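First up is the structure itself, then whatever we jot down about it.
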Number of protein chains: 2
Amino acid sequence: MIIEPQVTDMARIENVPLRVSVADIIRQAILNGTMRPGTPVVEMALAEQLNVSRAPVREAIQILEADGLIESEPYKGKRVKPLTLKEVEELYSLREQFEAFAIRRIVERQVDVSELHTHSDTMFVAAERSDLAALNVADEAFHRALIRLADHGLMLSLWDNLYLRIRQIMALRNSANRDLRAVARNHPPIIAAIEKRDMILAISLISDHTRSASQIAPEELGIAP
Amino acid sequence: MIIEPQVTDMARIENVPLRVSVADIIRQAILNGTMRPGTPVVEMALAEQLNVSRAPVREAIQILEADGLIESEPYKGKRVKPLTLKEVEELYSLREQFEAFAIRRIVERQVDVSELHTHSDTMFVAAERSDLAALNVADEAFHRALIRLADHGLMLSLWDNLYLRIRQIMALRNSANRDLRAVARNHPPIIAAIEKRDMILAISLISDHTRSASQIAPEELGIAP
DNA sequence: GGCTATCAGATTGTCGACAATCTAATGAGC
DNA sequence: GCTCATTAGATTGTCGACAATCTGATAGCC
């Protein structure tokens with residue numbers, strides 16, 4: 001049994017159900033690499049593993065299909081969507097556009113971005129500790145904050161979806177020998193450029209950052225036609 | 001009975017089911033204004049109207065929720081998502097970004113855009129006939145082709161979703177006294193700029209076009225907090 | 001031997017019934 | 001008259017069973 005139903009010990013809070021939603025469990029399994037791209041996704045099998053009926057599993061699969069994590073070839077069953085090189089490029093190029101758009105809005109509206117310093121500082125601490133996981137969390141928080149500060153709800157929701165798949169890619173990638181300090185050092189200049197209202201420089205810096213993050217060897221994706 | 005199950009007379013072709021999917025029926029009802037923003041969406045009621053059980057209706061509602069056409073306040077039921085002025089602005093501003101991004105890719109890759117002439121010509125014919133519906137169809141085809149030619153699958157799928165909601169807005173809007181010829185005339189200069197590889201001009205032209213299309217009076221949305 | 005028809009298996013699609021949960025109205029108590 | 005507990009109603013969530021459909025293997029026929 002690979003996936004187990006996760007039950008929290010916390011009492012109910014507000015409208016959060018005691019049991020973690022089926023979609024969250026499966027999503028987690030996909031994002032942490034337990035269910036790699038190409039893995040078949042069968043309703044009945046998952047229902048048995050999770051001790052629920054097919055209905056909630058079906059609903060969860062549908063959500064993940066909308067997320068773009070699962071694909072369904074009619075009558076050949078569903079499976080974890082295989083990643084292609086083109087798709088990775090599309091993800092990162094779109095991410096670049098979103099960040100540039102966010103910066104334009106932030107500069108135009110003179111939004112206060114002091115929050116970004118916090119995330120940047122956290123990244124340096126993580127880098128010193130060689131704590132890759134913590135660095136990634138802080139990095140994600142930094143970039144999500146940038147999008148959120150642009151005050152564009154639609155873009156933020158698209159960003160969250162985009163980042164799901166970026167997390168999936170990062171989980172598959174061999175990130176053994178990355179220079180954590182170098183990643184952390186990328187960020188303060190971006191903040192500085194935004195605060196100086198130098199839109200062009202800020203966009204240029206963040207584009208370089210995203211492009212360097214998008215490098216991935218095809219063989220790391222498993223298959224890549 | 002407002003919505004009726006639509007059954008085509010055509011025999012089955014390939015994997016296309018005889019009956020139109022429940023999601024399509026409900027989506028159509030939302031987009032053509034039959035189910036206006038705020039209308040409650042109740043599984044059992046729709047199931048009875050469409051003569052199906054709750055399962056397919058449930059699935060359809062979930063799809064439309066992912067599309068952003070339906071929202072669900074926990075335990076208060078689901079309803080057609082009310083449009084706010086901010087949301088309309090976000091939709092059109094994102095559309096503008098997508099089109100600018102598409103033009104950049106098209107110009108950089110020297111993509112052949114001759115297909116756009118066809119759609120533009122169709123728009124002039126429709127404008128001469130004062131055929132607003134035909135004009136809208138051709139206009140949508142023009143802009144979708146622009147995105148498609150950018151060869152970015154992810155953006156194209158996001159565009160399709162975006163345009164769903166734009167269609168919804170256009171259906172609500174009172175478009176009685178629009179100058180159809182003026183709308184048609186917007187497009188040839190855009191094509192010309194792209195073919196001359198004048199990226200800046202092309203983006204500027206299409207931004208103006210989108211911004212003029214985004215004008216809407218708040219009262220036309222029904223409610224707009 | 002190669003081709004086609006038939007059948008078993010697997011998977012998704014649909015159904016009706018029941019359970020869980022919240023909202024809103026009703027009524028008792030102060 | 002106001003507040004709070006109780007209850008009826010509405011709505012969504014979950015379940016097990018059955019139906020429809022395709023895939024792939026097997027057997028029969030030329």
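Owing to the predicted nature of the structure, the values given are computational and were not obtained by experimental measurement. All values below come from the heavy atoms of this structure, side chains included, with hydrogens, waters and symmetry mates left out. Residue numbers begin at 1 in each chain, while the letters A, B, ... track the order of the sequences.
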Contact check, side chains of B:I30 and B:P37, non-hydrogen atoms, under 4.5 Å: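 A side-chain contact under 4.5 Å is absent here.
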
Quick one: list whatever passes salt bridge (charged side-chain N to carboxylate O under 4.0 Å, His left out) with B:R58, sequence neighbours left out.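 B:R58: salt bridge (charged side-chain N to carboxylate O under 4.0 Å, His left out) contacts with A:E59, B:E43.
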
Sequence-distant partners of B:H152, ring pair (Phe, Tyr, Trp, His ring centres under 6.0 Å), two or more places apart: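 With neighbours one apart ignored, the set is B:F101.
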
Applying ring pair (Phe, Tyr, Trp, His ring centres under 6.0 Å), can you list everything that pairs with B:F142, at least two apart in sequence or on another chain?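 Listed in chain order: B:H187.
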
Write down the distance between [atom1] ([X]) and [atom2] ([N]), rounded to a whole number of angstrom.
X: A:M44; N: C:dG13; atom1: CE; atom2: P; answer: 14 Å
X: A:E48; N: C:dA10; atom1: CD; atom2: C1'; answer: 13 Å
X: B:E43; N: C:dG16; atom1: CD; atom2: C1'; answer: 14 Å
X: A:K78; N: D:dC22; atom1: NZ; atom2: C1'; answer: 14 Å
X: A:L50; N: D:dT14; atom1: CG; atom2: C1'; answer: 14 Å

As a test of reading the structure: which of D:dG16, C:dC15, D:dT11 is closest to the side chain of B:V52, going by heavy atoms?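 Out of D:dG16, C:dC15, D:dT11, the nucleotide with an atom closest to B:V52's side chain is C:dC15.
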
List in chain and number order the residues that pass side-chain contact (heavy atoms from CB on, under 4.5 Å) with A:T118, two or more places apart in sequence or in another chain; answer none if no residue qualifies.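 side-chain contact (heavy atoms from CB on, under 4.5 Å) list for A:T118, sorted by chain: empty.
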
Residue pairs involving residues 145-165 of chain A (criterion salt bridge (Lys or Arg N to Asp or Glu O under 4.0 Å); sequence neighbours excluded):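 As it turns out, the salt bridge (Lys or Arg N to Asp or Glu O under 4.0 Å) pairs with a partner in residues 145-165 of chain A, which skip direct neighbours, are A:E87-A:R165, A:R109-A:D151, A:E115-A:R148, A:R144-A:D160, A:D151-B:K86.
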
In residues 54-67 of chain A, what residues come within less than 4.0 Å of DNA chain D, judged by heavy atoms?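 Result for residues 54-67 of chain A: A:R54, A:A55, A:P56, sorted by number.
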
